[in-house]
Number of protein chains: 2
Amino acid sequence: MTPETSNPEMAQTLQGRKPVETSTGRATINDVARVAKVSVSTVSKVVNGRYGVAPATIAKVHQVINELGYETSLVASSLRSTRTNIIGILVAEFEPFSLELLNGISATLRGTQYDLMAYAGNLSPEGHAGWERRSLSRLGGTLIDGAIIVTPTVEIPHSSVPVISIDPHTGADMPISIDVDNYGGAYTATSHLLELGHRRIAHIRGREDLQSAHLREQGYRQALEDAGVEIEEQLVHHGDYQHEAAVLAAHDLLDLPHPPTAIFAANDLSALAALQVAGEHGLRIPEDLSIIGFDDIPAAAQSTPPLSTVRQPLHEMGAHAVKMLLGLLAGEEVESPGEFPAVLVPRKTTAAPDRG
Amino acid sequence: MTPETSNPEMAQTLQGRKPVETSTGRATINDVARVAKVSVSTVSKVVNGRYGVAPATIAKVHQVINELGYETSLVASSLRSTRTNIIGILVAEFEPFSLELLNGISATLRGTQYDLMAYAGNLSPEGHAGWERRSLSRLGGTLIDGAIIVTPTVEIPHSSVPVISIDPHTGADMPISIDVDNYGGAYTATSHLLELGHRRIAHIRGREDLQSAHLREQGYRQALEDAGVEIEEQLVHHGDYQHEAAVLAAHDLLDLPHPPTAIFAANDLSALAALQVAGEHGLRIPEDLSIIGFDDIPAAAQSTPPLSTVRQPLHEMGAHAVKMLLGLLAGEEVESPGEFPAVLVPRKTTAAPDRG
DNA sequence: ATGAAAGCGCTAACAA
DNA sequence: TTGTTAGCGCTTTCAT
């Protein structure tokens with residue numbers, strides 16, 4: 001119960017002009033209170049602009065705050081109060097897809113009262129299923145006022161804070177979510193190849209447990225069917241949205257006795273992998289093989305040749321997520337919007353098949 | 001002092017199989033302790049794998065944890081203990097530059113014990129000077145074990161956690177920092193223009209209070225001088241690394257009675273602005289005007305025509321920052337590395353001046 | 001092997 | 001107008 005708990009050396013600092021640091025390198029509200037000779041609650045009131053503090057006291061406290069370089073601890077205050085004015089965005093990792101989204105989210109949040117905290121906590125030893133539940137639970141309710149979860153793979157439990165999910169990969173009982181038209185985008189990509197004159201069009205799949213992958217495959221199949229092209233099952237190859245598997249897939253596909261003239265990969269990462277493998281096979285792109293991806297990540301524009309793809313309007317999707325979340329936070333009713341349109345971005349990896 | 005503080009409804013849940021939720025939507029260590037009929041300290045020991053708990057107790061506690069979906073609160077535990085295993089990256093905002101860096105940082109952190117938290121807290125009403133100090137103070141010492149600060153503009157105070165700064169824009173007393181060769185990059189960009197045959201080369205400056213801007217201008221001036229080209233001061237125009245000012249600058253420059261045939265902008269954002277203005281002036285790029293930027297942000301590759309620029313190896317710089325920070329965290333001595341090389345990326349906005 | 005109790009830095013009733 | 005007090009959820013001695 002003795003009040004001399006910490007940093008006794010700063011007891012009479014107001015007269016000495018030199019800036020004061022706490023021994024631990026960080027001033028606490030207690031330090032401020034002691035130096036200013038007021039109670040911690042008074043300091044708290046000043047810091048939070050509450051009514052009922054004498055002007056002279058306010059001035060004194062502010063002076064000490066400046067002297068000590070005091071800044072309220074996010075952690076401590078968030079533990080006690082409900083509002084933190086921080087929006088959390090939870091991602092499995094910071095790859096191009098999340099980064100694009102983050103860009104749109106950040107831009108939309110500018111000028112509002114909210115700060116943005118992006119958290120990637122995929123590093124659990126048990127693999128990464130359920131990262132979203134863990135992260136949300138660890139941050140939710142205290143640190144952040146609301147969350148945007150990117151490509152969650154499992155159901156999000158009803159959490160203590162409002163949640164919006166972007167491009168959820170399960171079909172299930174998600175909270176309010178934002179999605180691209182996976183089916184339509186795949187249909188568009190495949191049709192583009194068809195219109196160029198391709199008939200032997202292969203597909204490298206996405207992760208089997210994710211609904212987006214299924215929808216993209218369905219779009220692909222439907223486009224072929226509508227064009228009256230029979231689907232050869234050996235041209236539909238396993239993949240999982242990652243580089244490794246796509247490299248394998250591309251090898252298998254190109255080693256076929258009668259290889260495809262075009263490949264539609266379920267995402268850009270896979271398409272880029274196929275592009276690389278095609279090069280190793282001595283194939284010229286797009287003369288010998290057309291390749292198209294899905295997502296339009298930044299790297300797609302920078303490959304040689306630049307990758308044709310289908311774009312998810314990630315920027316707009318992020319922006320929309322923010323608007324919905326702010327609505328939720330303001331206590332409004334919000335509804336999931338329809339699917340965002342996927343648009344064809346033809347670059348240099350698609351062309352008519354070489355009839356030579 | 002009564003132990004029945006919260007969630008009394010989950011008192012006899014072990015027999016009922018259905019999953020239990022707390023009334024507030026989030027189970028706490030107290031809920032677990034009560035349901036498992038042990039003390040909170042025992043639960044804490046189990047969660048953190050401390051010695052001295054009976055196997056049977058461990059099993060029971062784990063079972064309850066699963067039932068309740070309990071997850072330790074980052075906020076609460078970080079308030080009490082020193083280690084959080086979270087690295088913080090502090091940015092003014094999530095723009096392309098920081099995002100690129102984040103990408104490299106994230107990749108390097110993968111597989112380590114650390115999670116990554118990126119925080120953008122520029123939204124203070126007083127403008128954004130000093131955001132780095134505030135953010136660091138708010139998160140440091142408790143939430144994060146170490147920090148990487150991107151383009152800090154003021155001196156970083158000795159903080160309670162290890163700090164690495166990337167591309168600090170002051171020349172001053174920074175903590176360990178990572179930097180690109182601003183001078184050399186600017187020299188390279190200007191030389192590129194010179195070699196193409198340009199003589200009337202304009203420069204749109206960066207923010208005057210930032211050292212990087214001065215170095216880039218010096219590189220520009222030195223390259224001209226070394227080439228024996230006299231500098232016309234009216235061709236060196238104010239800018240501040242932002243779109244707005246660059247638009248103004250480009251207008252002024254192109255409205256000159258004897259306009260430049262080439263522009264070296266202090267960063268890509270400014271160059272892209274110039275590109276846009278040149279279009280409005282009816283100029284063909286690169287026939288009528290060459291433009292080169294600095295940074296190589298993703299948007300640079302996607303403009304029409306794609307922007308020639310000088311690249312900062314942001315990925316490597318981020319990776320290096322992580323390595324140094326991990327070293328610091330492990331108690332090792334680390335030194336600031338030399339400047340990272342800036343490399344010329346000629347794209348389609350630079351060409352020999354049109355002699356027509 | 002287990003639990004009681006103190007306290008991390010802060011906010012918010014409530015008293016004075 | 002100011003201070004006292006009781007926690008937020010957790011970790012950590014220190015008893016038992």
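The structure presented is a predicted model; accordingly, all values stated were derived computationally and were not measured.
- Atom CG of residue A:Leu68 and atom CD1 of residue A:Ile65 lie 8.5 Å apart, to the nearest 0.5 angstrom.
- Side-chain proximity of A:Thr72 to C:dT11, D:dT11, C:dT2: nearest is C:dT11.
- When the nearest nucleotides of DNA chain C are assigned to B:Ala54 and B:Thr142 by heavy-atom distance, the more 5′-ward of the two goes with B:Ala54.
- Below the 3.5 angstrom threshold, one finds no donor paired with an acceptor across the side chain of B:Arg80 and the base of D:dG9.
- For the OP1/OP2 pair of D:dT11 and a distance below 4.0 Å, the side-chain nitrogens and oxygens of B:Asn48 include at least one atom meeting the criterion.
- Backbone-only engagement by A:Val38 is indicated by non-hydrogen atom pairs under 4.0 Å involving sugar-phosphate atoms exclusively.
- In terms of heavy-atom proximity, A:Asp115 sits nearest to B:Ala120 at CB-O, 3.7 Å.
- For the side-chain contact (heavy atoms from CB on, under 4.5 Å) criterion with B:Pro162, the lone passing option out of B:Leu329, B:Ile148, B:Ile176 is B:Leu329.
- The side chain to side chain contact (heavy atoms under 4.5 Å, CB included) check on A:Ser77 picks up A:Thr72, with sequence neighbours excluded.
- To the nearest 0.5 Å, atoms OG (B:Ser78) and CD1 (B:Ile144) are separated by 10.5 Å.
- Heavy atoms of A:Thr57 sit under 4.0 angstrom from primed sugar atoms or phosphate atoms, though from no base atom.
- How far NZ of B:Lys60 is from NZ of B:Lys37: 8.0 Å, rounded to the nearest 0.5 Å.
- Nearest nucleotide to the side chain of B:Ala76, out of D:dC10, C:dG9, C:dA12: D:dC10.
- The side-chain contact (heavy atoms from CB on, under 4.5 Å) test with A:Val163 is passed by exactly one of A:Leu325, A:Leu90, A:Leu136: A:Leu136.
- For DNA chain D, the residues of residues 39-47 of chain A within the heavy-atom distance limit of 4.0 Å (strictly under) are A:Ser39, A:Ser41, A:Thr42, A:Lys45, sorted by number.
- Using a 4.0 Å cut-off, some side-chain N or O of B:Tyr70 falls inside it from OP1 or OP2 of D:dC10.
- Rounding to the nearest 0.5 Å places OG of A:Ser73 at 5.0 Å from CZ of A:Arg26.
- For the helix from C:dA1-D:dT16 to C:dA16-D:dT1, the angle separating the two terminal helix axes comes to 40°, with each axis derived from five pairs and the value rounded to 10°.
- The OG1 atom of B:Thr28 sits 7.0 Å away from atom CZ of B:Arg34, with the distance rounded to the nearest 0.5 Å.
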